[in-house]
Amino acid sequence: LRQTVQNIVLASRPHGHITADNWRLTETAPEALQEGSVRVRVQYVSLDPAMRGWMNEGKSYLPPVQLGAPMRALALGCITETKAPGLSVGTYVTGGLGVRTEACVPAQEVAALVPGADVPLTHHLSVLGMPALTAYFGLFEVGQAKKGDTVVVSGAAGTVGLVVGQIAKARGCRVVGIAGGLQKCQHIENLGFDAAIDYKKEDVLQRLGDHCPTGIDVYFDNVGGDVLDAALAHLARNARVALCGAITQYNETSVRGPSNYLSLLINRARMQGFIVFDYMERYPEALEHLTAWLKAGKLKMQEHVMQGIENFPHAVTRMFEGKHIGKLLLKID
Ligand SMILES: NC(=O)c1ccc[n+]([C@@H]2O[C@H](COP(=O)([O-])OP(=O)(O)OC[C@H]3O[C@@H](n4cnc5c(N)ncnc54)[C@H](OP(=O)(O)O)[C@@H]3O)[C@@H](O)[C@H]2O)c1
């Protein structure tokens with residue numbers, strides 16, 4: 001048993017951008033393990049844009065993180081003690097373990113990783129984890145993408161965006177990715193995206209017109225803001241807009257909606273928000289496909305791993321600065 005557990009707790013709620021004083025590093029005594037729960041040594045914490053929303057007070061799809069409580073986070077770790085039948089010591093699990101070195105959680109809140117699967121552990125938080133499941137269900141269920149469709153994805157060099165683009169290609173779609181900077185645009189083109197638009201340098205509205213001459217059939221939106229408006233202006237008839245996220249708006253004190261929404265009416269299009277957890281029962285089906293694409297070399301993911309629980313505040317800042325390509329993780333053990 002550990003002597004102490006280190007936790008990053010929510011010290012205050014941000015107003016706009018996150019600041020260092022929103023977090024506090026604490027040390028607590030290990031919890032007593034309850035019947036039906038497991039003790040997990042947390043090894044990797046996933047940095048996700050959704051964290052910003054979880055810090056806010058008010059109604060959302062999950063309750064807000066309480067002040068003084070460990071920050072909510074998806075993470076991966078190894079069971080060190082068990083009072084749950086079927087989950088043994090040494091098993092690796094993923095789940096909402098939080099930003100802490102050790103977590104005691106009910107068995108039903110973790111997913112055990114299949115022993116012997118020949119993929120790096122960290123892939124279970126990226127290309128075979130929640131962001132990839134989000135890409136899969138957002139693209140094929142909400143977006144109804146099919147062979148021959150023109151798919152546009154924003155945040156294209158982020159975790160979700162990279163998976164969206166690659167699995168859309170694997171299904172025979174034409175894919176245009178929107179990302180910030182030359183390096184990110186080159187990266188997605190090297191992965192097989194048909195075109196890349198650098199929203200920091202190029203006129204997105206005009207470039208979407210150039211690259212999507214017959215219009216956009218599926219727009220997978222990760223960013224909201226001006227890029228969403230530009231995509232709406234180029235919808236094809238019966239287009240589907242999958243509203244996955246709006247990272248440009250998360251740190252704003254008031255959210256700005258799209259002004260080009262009448263394009264939905266003109267084009268008989270629809271825009272639908274979704275939350276990946278609603279597809280939980282179908283995760284095995286998605287993981288089967290994602291694993292097959294990964295093994296066939298059709299799906300690749302870059303991961304950037306930062307070190308040390310005390311660096312969590314830097315990692316969150318880095319995520320919103322978009323300095324990395326692909327998945328950002330924090331190794332804490
Ligand atoms: N609906 C769901 O169930 C669900 C589940 C998971 C994720 N999501 C959403 O999916 C989106 C992508 O998540 P992810 O896991 O792929 O995140 P990620 O790996 O952290 O990538 C996010 C990307 O967004 C871009 N970005 C960051 N700040 C930005 C800003 N202010 N303006 C424009 N772009 C910005 C960055 O790329 P650039 O350098 O190109 O700007 C970065 O690569 C987020 O909106 C997230 O909330 C939704």
Side-chain angles (χ1 to χ4, degrees), residues 16-18 45-56 60-62 72-74 96 122 125-127 129-139 141-143 152-167 176-188 193 196-202 204 219-231 241-252 255-256 271-280 282-283 286 301-306 315-330:
H17 284 271
I18 296 172
V45 164
S46 169
L47 277 299
D48 290 289
M51 287 173 153
R52 179 64 190 83
W54 300 337
M55 297 169 79
N56 290 340
S60 187
Y61 60 96
L62 285 176
R72 178 182 293 140
L74 288 173
T122 50
L125 292 175
S126 67
V127 72
M130 183 280 289
L133 296 163
T134 304
Y136 182 91
F137 291 108
L139 183 65
E141 290 301 315
V142 183
V152 173
V153 59
S154 55
T159 324
V160 174
L162 284 173
V163 177
V164 168
Q166 293 177 83
I167 66 178
V176 178
I178 304 172
L182 184 63
Q183 199 200 356
K184 288 186 177 184
C185 287
Q186 281 173 345
H187 183 76
I188 62 175
F193 285 50
I197 300 174
D198 178 356
Y199 76 90
K200 291 186 175 164
K201 279 247 170 68
E202 295 183 279
V204 178
Y219 174 52
F220 193 109
D221 191 25
N222 285 318
V223 303
D226 293 338
V227 169
L228 168 58
D229 261 327
V241 177
L243 173 45
C244 175
I247 199 163
T248 62
Q249 304 299 305
Y250 294 171
N251 290 309
E252 300 301 321
V255 171
R256 187 165 58 82
M271 177 162 169
Q272 187 188 329
F274 72 99
I275 296 292
V276 63
F277 308 141
D278 296 343
Y279 295 92
M280 206 172 279
R282 291 181 52 198
Y283 284 0
M301 181 58 63
Q302 204 154 305
E303 292 167 349
H304 186 88
V305 183
M306 293 177 68
V316 175
T317 306
R318 190 187 172 101
M319 172 180 57
F320 281 108
E321 286 171 353
K323 282 193 177 145
H324 61 289
I325 290 178
K327 181 73 213 168
L328 184 62
L329 297 166
L330 184 65

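Whatever order the structure lists them in is the order used to number ligands and atoms, beginning at 1. Along the sequence shown, residues are numbered consecutively beginning with 1.
- The shortest distance between side-chain heavy atoms of Leu47 and Leu329 does not fall below 4.5 Å.
- Asp221 places a side-chain N or O within donor-acceptor distance of the main-chain N or O of Val223, the cut-off being under 3.5 Å.
- Contact annotation: the side chain of Tyr283 never approaches that of Tyr136 to less than 4.5 Å [non-hydrogen atoms, C-beta and beyond].
- You'll find the side chain of Val153 reaches within 4.5 Å of the side chain of Phe193, heavy atoms only.
- Ranking protein heavy atoms by distance to atom 7 (C) of ligand 1, first place goes to Val160 CG2, 3.9 Å.
- Between the side chain of Arg318 and the backbone N or O of Leu328 there is no donor-acceptor pair closer than 3.5 Å.
- Remark: ligand 1 atoms within the under-4.0 Å shell around heavy atoms of Met319 are 20 (O).
- Only the side chain of Tyr250 comes within 4.0 Å of ligand 1, judged by heavy-atom distances.
- Annotation: side chain of Met130 is not in contact with side chain of Thr159 (no heavy-atom distance under 4.5 Å).
- For ligand 1, the atoms lying closer than 4.0 Å to a non-hydrogen atom of Gly326 are 19 (O).
- The protein heavy atom nearest to atom 17 (O) of ligand 1 is Pro49 CG, 3.3 Å.
- Using a 4.5 Å cut-off on side-chain heavy atoms (C-beta onward), Leu228 and Met271 make contact.
- Of the candidates Thr159, Leu328, Asp226, it is Thr159 that places a heavy atom closest to atom 18 (P) of ligand 1.
- Look at Asp226 and Arg256 and you find a salt bridge, because one of the NZ, NE, NH1 or NH2 atoms lies within 4.0 Å of a carboxylate O, short of that distance.
- Lys327 places no side-chain N or O within donor-acceptor distance of the main-chain N or O of Val160, the cut-off being under 3.5 Å.
- Asn222 places a side-chain N or O within donor-acceptor distance of the main-chain N or O of Ser154, the cut-off being under 3.5 Å.
- For atom 41 (O) of ligand 1, the nearest protein heavy atom (residue, atom name, distance) is Tyr199 OH, 2.5 Å.
- The shortest contact between atom 37 (O) of ligand 1 and any protein heavy atom is with Lys184 NZ, 3.3 Å.
- Residue Ile275 approaches ligand 1 through these ligand atoms, each under 4.0 Å from one of its heavy atoms: 3 (O).
- Between Tyr279 and Thr134, the side chains place no donor N or O within less than 3.5 Å of an acceptor N or O (distance only, hydrogens not considered).
- A donor-acceptor pair is defined here as one N or O able to donate and one able to accept, closer than 3.5 Å; such a pair exists between the side chain of His324 and the backbone of Gly326.
- The option with the heavy atom closest to atom 30 (C) of ligand 1, from among Thr248, Ile325, Asn251, is Thr248.
- Note: an N/O pair closer than 3.5 Å links Cys244 and ligand 1 by distance alone.
- For Ser154, no heavy-atom contact with ligand 1 is shorter than 4.0 Å.
- With respect to atom 27 (C) of ligand 1, the closest heavy atom belonging to the protein is Ile247 CD1, 3.6 Å.
- Set against the non-hydrogen atoms of Met130, the atoms of ligand 1 under 4.0 Å away are 5 (C), 6 (C).
- Residue contacts with ligand 1: Asn222 is placed with a nitrogen or oxygen under 3.5 Å of a nitrogen or oxygen of the ligand (distance criterion only).
- For atom 5 (C) of ligand 1, the closest non-hydrogen atom of the protein is Thr134 OG1, 3.2 Å.
- When Gly245, Ala157, Gly180 are ranked by how near their heavy atoms come to atom 40 (O) of ligand 1, first place goes to Gly180.
- Around atom CD of Gln183, no more than 12 heavy atoms belonging to other residues, nucleotides or ligands sit under 6.0 Å away.
- Atoms of ligand 1 lying under 4.0 Å from any heavy atom of Phe320, numbered from 1 in the order shown and given with element: 27 (C), 28 (N).
- Compare Val163, Val276, Val142, Asp278 by their heavy atoms: the one nearest to atom 3 (O) of ligand 1 is in Val276.
- Near Ala179, the atoms of ligand 1 lying under 4.0 angstrom from a non-hydrogen atom of the residue are 40 (O).
- Of all the atoms in ligand 1, the ones that sit under 4.0 Å from a non-hydrogen atom of Phe274 are 1 (N), 2 (C), 3 (O).
- For ligand 1 and Ala246, the ligand atoms under 4.0 Å from any heavy atom of the residue are 45 (O).
- Among protein heavy atoms, atom 21 (O) of ligand 1 sits closest to Gly158 CA, 3.3 Å.
- Between Phe220 and Phe274, the angle of the ring planes goes over 60°, which puts this pair in the perpendicular group of the 30/60° scheme.
- In terms of polar-atom proximity, Gly155 is not counted as a contact of ligand 1, lacking any N or O under 3.5 Å from an N or O of the ligand.
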